[in-house]
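Here the structure comes first, spelled out in structure tokens, and everything after it is commentary.
Throughout, a chain's letter reflects where its sequence line sits, starting with A, and its residues are numbered from 1. Quick caveat, the model's predicted, so the values are computed rather than measured.
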Amino acid sequence: MKKIMTTHFSKQVLDWYEIHGRKDLPWQLNKTPYRVWLSEIMLQQTQVVTVINYFKRFVHTFPDVESLAKASEDEVLHLWTGLGYYARARNLHKCAKAVMSDFGGKFPDNQTDLESLSGIGRSTAAAIISLAFEKPATILDGNVKRVLTRYKMVEGWPGNKKVENELWELAENLTPKTDNAEYTQAMMDLGATLCKRSKPRCEECPVKQDCFARLESRQKEFPNSKPKKDKPTKSTFMLIQLDKLGRIRLIKRPSKGIWAGLYSFPEYEKIDDIEKLMGSDNHKLGSFKHTFSHYHLQVHPVVVKGCDSNEVRSDDNEIWYHPEVTEEIGLNAVVLKVFKKLKDI
DNA sequence: GAGCCGTGGCG
DNA sequence: TCGCCAAGGCT
């Protein structure tokens with residue numbers, strides 16, 4: 001009985017995919033394990049529309065794992081600038097080097113070896129096995145979770161371990177051994193285009209007649225939402241020093257914590273801390289709020305012009321940045337936002 | 001298990 | 001304006 005239902009489900013999904021699935025995303029063309037891996041990392045917690053241009057720029061600069069492994073971390077972070085979750089970029093680089101040194105430059109095609117690599121967990125490993133090597137594997141990403149929690153009305157927040165284990169088992173039971181790559185892509189397409197979080201297009205869904213949530217008109221309740229927690233608000237004064245050549249002083253952030261390894265402005269807790277150092281001849285840009293996944297940051301940019309770049313003691317972590325001269329480095333979205341504000345004044 | 005780790009879009 | 005969250009993984 002179970003097997004019949006399983007076959008039924010995957011057949012419906014596969015038939016739908018053949019007609020409605022996405023088959024010409026950049027990483028689906030010239031498909032290689034490298035391109036599949038890169039896309040899977042970029043797509044972690046990030047939507048397709050955001051990733052597309054980053055992916056194109058990245059493979060243009062680093063067309064294969066060897067070129068990526070040889071790059072500097074700053075170059076890699078540069079191509080990740082604005083994409084967020086920068087640990088992904090550092091792990092990506094680390095992974096590329098490991099593939100070169102430990103796997104002869106070829107991505108492994110099994111779950112254990114793939115999961116031993118930085119940045120690759122159970123679902124990403126399965127996606128690579130399925131999509132790149134076309135061997136049977138089961139993924140469980142946000143799309144699949146959304147589809148399955150609705151299909152079987154799975155109660156509880158999917159981030160909860162018990163719920164997640166339940167979903168893994170369900171996912172594995174539904175995954176076919178044949179046409180596995182198509183099925184994997186189909187489930188993600190289904191979740192992304194029809195079984196969306198808001199306004200799901202159930203009428204067009206290939207499994208609508210068996211979907212418990214739809215049959216009870218409870219689609220909105222699934223997946224159950226994450227228990228909410230208030231985000232604290234922090235405040236920071238960012239010192240933007242310009243020298244006579246229009247260069248900007250940036251400091252490389254530590255290898256742990258927010259924006260690790262990226263260049264950013266020096267930060268101070270109070271305006272007094274800046275004026276004690278620089279004097280009171282400064283210009284305040286409008287403060288603004290930047291929101292992270294786990295807290296809000298109220299940013300107060302303070303501009304000091306006409307600095308003498310020779311006067312500031314410079315170590316390896318400091319640079320005077322000029323977009324057209326400075327070698328490529330990683331920047332965060334707040335720095336980009338401030339750059340834009342500077343242009344407007 | 002729970003916190004950490006970005007960003008932009010949407011309702 | 002604001003909370004929510006999108007192709008997760010690491011510690």
If you pin A/Trp27 and A/Ser118 to their nearest nucleotides in DNA chain C, which one's is more 5'? A/Trp27
Earlier contact from the 5' end, DNA chain C, for A/Lys229 and A/Ile120: A/Lys229
Touch check for [X], heavy atoms < 4.0 angstrom, all strands: base, sugar-phosphate only, or nothing?
X: A/Gln185; answer: base
X: A/Val48; answer: base
X: A/Leu92; answer: nothing

Give the rounded distance in Å between these two atoms: [atom1] of [X] and [atom2] of [N].
X: A/Lys220; N: C/dC4; atom1: NZ; atom2: C1'; answer: 13 Å
X: A/His296; N: C/dC4; atom1: NE2; atom2: P; answer: 9 Å
X: A/Leu25; N: C/dA6; atom1: CG; atom2: C1'; answer: 15 Å
X: A/Lys228; N: B/dA2; atom1: NZ; atom2: C1'; answer: 19 Å
X: A/Lys94; N: C/dG9; atom1: NZ; atom2: P; answer: 16 Å

I'd like to know whether CD of A/Glu269 has more than 12 heavy-atom contacts from other residues, nucleotides or ligands below 6.0 angstrom. no
Answer yes or no: does atom NZ of A/Lys196 have more than 12 heavy-atom neighbours from other residues, nucleotides or ligands under 6.0 Å? yes
Polar contact flag, side-chain donor to acceptor under 3.5 angstrom, A/Thr46-A/Arg88: yes
Sequence-aligned protein contact record of nucleotides 4-11 of chain B, with B where the base is within under 4.0 Å of a protein heavy atom and S where only the sugar-phosphate is: SBBB---S
Strand-adjacent residues in residues 130-140 of chain A, judged by heavy atoms under 4.0 Å from DNA chain B: none
Residues touching DNA chain C, which here means a heavy atom under 4.0 Å, drawn from residues 28-43 of chain A: A/Glu40, A/Leu43
Sequence-distant partners of A/Glu18, salt bridge (charged side-chain N to carboxylate O under 4.0 Å, His left out), two or more places apart: none
Just to verify, what does A/Glu66 make a salt bridge (charged side-chain N to carboxylate O under 4.0 Å, His left out) with, not counting sequence neighbours? A/Lys70
Non-hydrogen side-chain atoms of A/Ile41 and A/Asn91 separated by less than 4.5 Å: no
Please give the distance between the P atoms of B/dG8 and C/dG9 as a whole number of Å. 23 Å
Are A/Phe292 and A/His290 an aromatic pair, judged by ring center distance below 6.0 Å? yes
Are A/Phe212 and A/Phe222 an aromatic pair, judged by ring center distance below 6.0 Å? no
Mind checking ring pair (Phe, Tyr, Trp, His ring centres under 6.0 Å) for A/Trp37 and listing every partner two or more places apart, or none if nothing turns up? A/Tyr34, A/Phe107
Closest heavy-atom contact between A/Pro158 and A/Leu167? CB-CD1, 3.9 Å
